[in-house]
There are 2 protein chains.
Amino acid sequence: MESTLNDEQQKNRTPQMSELPTTCKEFRQACENCSLAKLCLPVSLAPQEMESLNSIIKKRLILERGKTLFNVGDSFSKLYAVHSGSFKAIMPTYYGKEQITSFYLPGELMGFDAIQSDQHQVNAIALETSSVCEIPFNGLLQLAGNIPNLQRQLIKIMSHKFNPDSNVNLNSNADERVASLLLALSSRFAQRGFSAVQFNLSMSRQDMANYLGLATETVSRIFTQMQEEKILQVNRKEIHILDFRQLQVRACVKVASE
Amino acid sequence: MESTLNDEQQKNRTPQMSELPTTCKEFRQACENCSLAKLCLPVSLAPQEMESLNSIIKKRLILERGKTLFNVGDSFSKLYAVHSGSFKAIMPTYYGKEQITSFYLPGELMGFDAIQSDQHQVNAIALETSSVCEIPFNGLLQLAGNIPNLQRQLIKIMSHKFNPDSNVNLNSNADERVASLLLALSSRFAQRGFSAVQFNLSMSRQDMANYLGLATETVSRIFTQMQEEKILQVNRKEIHILDFRQLQVRACVKVASE
DNA sequence: CCCCAAACTTGATCTAAATCACTACCCTAC
DNA sequence: GTAGGGTAGTGATTTAGATCAAGTTTGGGG
């Protein structure tokens, strides 16, 4: 109901967007037209339900590489759905012992960390030029109370984090960790309609290493090692998985041979 | 030496467990009479809402030490609230490289891992004689749709897992990890009305080590080292935190001095 | 087009923690 | 009680991966 009005509001009120060549169309895109709808919150919503959801999702923000979407301590009121690009969530500590806790791809929701205390617990930083949809949390909850499918989907999305293999296994060694991360990314790219065996990493080696609890040099070495073993072909950010099965073996099972 | 608190602890813990031949009373205990209500799902529910929640929570199960509540692959239909005792969630892998992903104390909910796929992703094993309340998931969702406070509480509970410091920091070393675990347990005991500086661990050194991604010997050594430094007093499962501040320093900041 | 800084790779060395090996200390059951 | 298995503590040794120290590639800006 408030589609047009909203667009105008956006245009007038959000300064950071004006610097980018954003079209009205870009801001207008509704959930029902979004190719990510089947991954994101709108899963299995009826058209008019989709419309309700769409009505509370007002803004589309665009961030350049390195820009922060929110910081530790920022007060919480919205979740953010990645529309394009990617993000990292990073928990800073004294001494630079910061820890990257997640990477986010299109269709994934950020901000759950803040529900507990109403303050964000991590910094969310764009890994490349990216856009996000703002989802007011209170509105979402209210809507979820009326739309069982939406409630279920929200809870399902949150339950991802409870799946052991969406977290790094602390009892795995370096190559298992790298292999697991590559497989996890592969499957997430595949879900989004991209190739499962060939993709570009948006994060640096350092980001990967930090996420996995390794040194960047170690990640680098494992990449070259896996290249020598014809499991991967790596060219900077470009990953080509040559032997998927073997990568799976590396990721979890680590066959007896040796 | 440890006067009232320990007695309370005893009182709260042991009696319920010894009632192995479950009485009607035991099964009947309603949420409104449960001392854990303020931690568990019933937070901030009105009496009649509490009543509705109570009406779907049917069974109380009792498990002895080492018994499993559910296993990987078990089909999902219920969440479980720990009523007394404690549990570990463990993801088994080939080669015994299993990973303990969580410990659960009274008032905490288990089973979220299974929402995604309708199958449990971990084994839940009692660390001591323990009891749980079964909460049918579909019933809970339905109720949550009608009771905003319940919905909010469910989502708040799930959001715990997104808090970076409810997970082990991968870029921390052995003593930081042990210190963090002790502080986390301390705070959870305190929430439950027990002492924050003196408590009994229900898990073995091996469980702790596995959870933290360390060797049991390392955990053992760190305990003795922290004893020598007068930070802790450890007697098998019995922990006494002597220098809380110093333990916090160990856990996250690791001050320059030394 | 070249320069420079950042990102990445590679090799040499070091070290925190794993592993191995053994002793000590509970509990629980005869 | 005491026998015996499981759990914990401690020392000696090894090792995976960190750290240190160069190179090398790359891409963006002047």
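Each chain gets a letter, A, B and so on, in the order the sequences are listed, and its residues count up from 1.
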Students often get this wrong, so: under 4.0 angstrom with heavy atoms, is A:Thr216 touching a base, only sugar-phosphate, or nothing? nothing
For B:Glu108 and B:Arg192, what are the C-alpha separation, side-chain angles and deciding distance, and is it a salt bridge (Lys or Arg N to Asp or Glu O under 4.0 Å)? CA-CA 11 Å; B:Glu108 296 176 337; B:Arg192 280 153 190 78; 3.3 Å; yes
5' priority, DNA chain D, between A:Ile222 and A:Arg236 [closest heavy atom]: A:Ile222
Can you tell me how far P of C:dC8 sits from CG of A:Asp207, to the nearest Å? 8 Å
Using a 4.0 Å heavy-atom cut-off across all strands, classify A:Ala215 as base, sugar-phosphate, or nothing. base
Select base, sugar-phosphate, or nothing to describe what A:Ser204 touches, counting heavy atoms under 4.0 Å on all strands. sugar-phosphate
Can we call the ring centroids of A:Phe103 and A:Tyr211 under 6.0 Å apart? yes
For A:Glu238 and C:dA7, give me the distance from atom CD to atom C1', rounded to whole Å. 16 Å
With a 3.5 Å cut-off and heavy atoms only, can you find an N or O donor on one side and an acceptor on the other between the side chain of B:Glu217 and the base of C:dC20? yes
Under the side-chain hydrogen bond (donor to acceptor under 3.5 Å, both in side chains) test, residues paired with B:Glu217 that sit two or more places apart: none
Measure from CD on B:Glu176 to P on C:dA16 and round the result to the nearest Å. 13 Å
In whole angstrom, give the distance that lies between atom CD of A:Glu228 and atom P of C:dT9. 12 Å
For C:dC26, take OP1 and OP2 only and decide whether either is under 4.0 Å from a side-chain N or O of B:Lys237. no
Please report the distance, rounded to the nearest Å, between CG in A:Asn171 and C1' in C:dT19. 15 Å
In whole angstroms, how far is the P atom of C:dA18 from the CZ atom of B:Arg221? 9 Å
Whole angstrom is fine here: how far is it from CE in A:Met226 over to P in C:dT9? 14 Å
Aromatic contact, B:Phe112 with A:Phe162 (centres under 6.0 Å): yes
Could you check how far CG of B:Asn235 sits from P of C:dC25, rounded to whole Å? 12 Å
Taking all atoms of both residues into account, what is the closest heavy-atom pair of A:Gln119 and A:Gly73, and its distance? NE2-O, 3.5 Å
B:Tyr80-B:Phe70 aromatic ring centre distance below 6.0 Å: yes
Please find the earliest and latest nucleotides of DNA chain D, in the 5' to 3' direction, that have an atom within less than 4.0 Å of any heavy atom of chain A. D:dG17 to D:dT26
Do B:Glu229 and B:Arg250 meet the salt-bridge criterion of a basic N to acidic O distance under 4.0 Å? yes
